[in-house]
Each structure stands twice: as C-alpha cells, then as structure tokens.
Amino acid sequence: MKTTAKAPTNIAFIKYWGKKNEVLRIPENDSLAMCLDKEFTVTTVEFKKDLKKDQVIINNQKAKDKEKERVVQHLNRIRKIAKIKLFAKVASQNSFPTAAGLASSASGFAALTLAASQAAGLELSEKDLSRLARLASGSACRSIPSGFVYWQAGYSDKTSYAYSLYPPSYWDLRDLTIIVKSEKKKVSSTKGHQLAGKNPFLKARLKLVKSNLKIIKKVFKNKDFSLLGQVIESEALSLHSVMLTSQPALIYWQPTTLAVIHKAIELREEGIVESYFTIDAGPNVHLICQKKGAAKLKREIQKVLGVKKIITNHPARGAHLINKHLF
Ligand code: PMV
C-alpha cells in the first residue's frame, strides 16, 4: 500500500540537549515545543515486491551515504515491528528551503515514521509513533502530536515520548523563523549532544531547566506572554552557554544572528513589538510573538543586514496522513 504523511517541524521553548542513553535517544531532560505550520515535510512510502534495495529520494534527489543510511535504519526498525522483508520506495519533500540550516530531521522522521508504519500495515497509537520517531531523531518525537507538545524524558524506550499539552488553537502565538545563513552546519546536533555529556556546565543547565519547566507550565495555564518570553530567552542562552563551552566549542551564531537578537530587544524596549528570541543548533533565529505585531515585526527584522528570508508560522497540527502522494 502507498501511504503519504505530512509532519510539521517544531521549535522548542524548553530544549533538549544531552542524552541519558545514546542508542535509545533518551534525553537528559523533558522539553516543550510548538509545532510549526509552514515548515513541514511530506513523505510517501511504498513497500514493493520488485525492489532489490530501498530507494530514497529527498527533495527530488537520490539520497546517499549517511542521509540514506539513517532512513534505511528507520525502515529496518519498522520492518522488524511489522515482520515484513520488502524493500521500500520513499520520496520526501520539505516545504522550506533545503540546506537553509532549518531542522528538517524532526519533520522528516516524523513523516517517515507515520507513512512507513502505515504502509507496512501497522496501526500505531500516537504514543507509539512518537516513541518510534524518537529512535530516528530525538526532536522528531515532538512532531507527532499537535500544537504545544511535551516530551517527557522518561527512563526507557517505553517511557520516553511526546504528547500534546494544548491544541494549536489554544494560544495564537507566532514563530518568525529568521534565516540568516543557508549552509549546512559543520557540527551535527547528534555530535553536539555527545559533547554536552562531557561538559561540566550541563549540570548547571539541567538545574535551570528544572525550574524553567515548572514556570512554563504555569505560563501556559495563564497565557502570560511576557513571562513565556523570559523563560524562552533564558533557556536558549543557557543551551548556547553549554554549546560554547563544549570541547571543541560549538559556535553556531553568525554576526547576523546577534544583529537580529539586538533588533528584537530594541523593538521590545521601545514598546514597538514585544517578541522574544530562541535559537537551535544553528545560526537562524526564531522570534516568538503574538498575532498582534507579527506583521510589523517581520517588516522591521527584514531591514537587518544579512537577513535572507523570514517564515511566519502558526501553531500546527502534528503528523497526519494525506491523500496526495509524491509518486
Ligand atoms: O533532535 P536533534 O538531535 O536534532 O536535537 C535537537 C536539538 C535542539 O534543536 C538544539 C533543541 C531541541 O530541543 O529541539
């Protein structure tokens, strides 16, 4: 059977950095994220009798080496659960510019998990899909449920998965993804997580994460935007403190990254638009704001020298099946 799934990427407000278990991708801490509607992956999978090996096409190009290997490994996990031996044809397409330094593994592996498991005849629950996606890419487990999602770190394969805290309609937030550089990052997040494990500053960060998690749960109950912003920025800066003090140091920021941060702070302090920044393992900045002011924020940030593109996202639905196949 040919099956197609669509999955959003997600931006973490409380981030995951460092793993308790490398193979099972059990994170050091719980994390909380928002699924993004304009940055998504669509993936079609079909297991076929006439194939001699898996065929993987990503953004209209044949995948090879490590990129293909990661997809094949995930297909192997699914074949094992479904007890099938057939090879698959996989085609995958990202909505956002390729190699823009945006997190495609979260949406990519969430879409692959849903499409391939269904194509293999499995009917997995949301929890099991999230657990399975986690094995391919940690943050992918947060792209299975909808809206504002919580990944409970857990302590084993069974207990580590993400679920929806609130649906997309709960809070009309915006994420402006500010693309400042289009090259692929030199150090992968997989390597970054390993380096964090050896960093003495991780302990201090994990303490802060614990208290930020408590605060953010209350923030969501009360929809307190200013406090949400404070938590998001403190979180991102503590994450980058660990990255900067790793050996070797992970310096993901570019001059434009800092220029965007300063501009957002300036606009906020002058009472023009209230927005708060967060940054993943790369140079691009995510500015979180409310519906009111989003268009103005985009216009102002567009003027910062070095900004290439801005994508405005709303909270999104998680991974789901669609009828339009890619082949
Ligand atoms: O899932 P990975 O290995 O791509 O790691 C994601 C790490 C961050 O994006 C930096 C943080 C997060 O929680 O998304």
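Along the sequence shown, the residues carry numbers beginning at 1. Note that ligands are numbered from 1 as they come in the structure, with each ligand's atoms numbered from 1 the same way.
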Nitrogen or oxygen of N10 less than 3.5 angstrom from that of ligand 1: no

N or O contact, H193 vs ligand 1, cut-off under 3.5 Å: yes

Geometric class of the W151/Y16 ring pair [parallel <30°, tilted 30-60°, perpendicular >60°]: perpendicular

Where ligand 1 meets S137 - atom numbers and elements under 4.0 angstrom, heavy-atom basis: 1 (O)

Residue A281 vicinity, atoms of ligand 1 by number, heavy atom under 4.0 Å: 10 (C)

Distance-only N or O hit between ligand 1 and K15, under 3.5 Å: no

Side-chain ion pair, K62 and E67, N-O less than 4.0 Å: no

Electrostatic pair D157:R134 at N-O distance under 4.0 angstrom: yes

Pair K263 + E266, salt bridge at N-O below 4.0 Å: yes

Short N or O distance, T190 and ligand 1, threshold 3.5 Å exclusive: no

From F220 atom CZ to F13 atom CZ, the distance as rounded to the nearest 0.5 Å: 5.5 Å

Note: D50-K52 ion pair, threshold 4.0 Å (strictly below): no

Under 4.0 Å to a heavy atom of G138 - the qualifying atoms of ligand 1, by number: 1 (O)

S189-ligand 1 polar pair, N/O distance under 3.5 Å: yes

All salt bridge (charged side-chain N to carboxylate O under 4.0 Å, His left out) counterparts of R317, not counting sequence neighbours: none

Per-atom contacts of ligand 1 with S139, taking only distances under 4.0 Å to non-hydrogen atoms: 1 (O), 2 (P), 4 (O)

Contact atoms of ligand 1, heavy-atom distance to A12 under 4.0 Å: 12 (C), 13 (O), 14 (O)

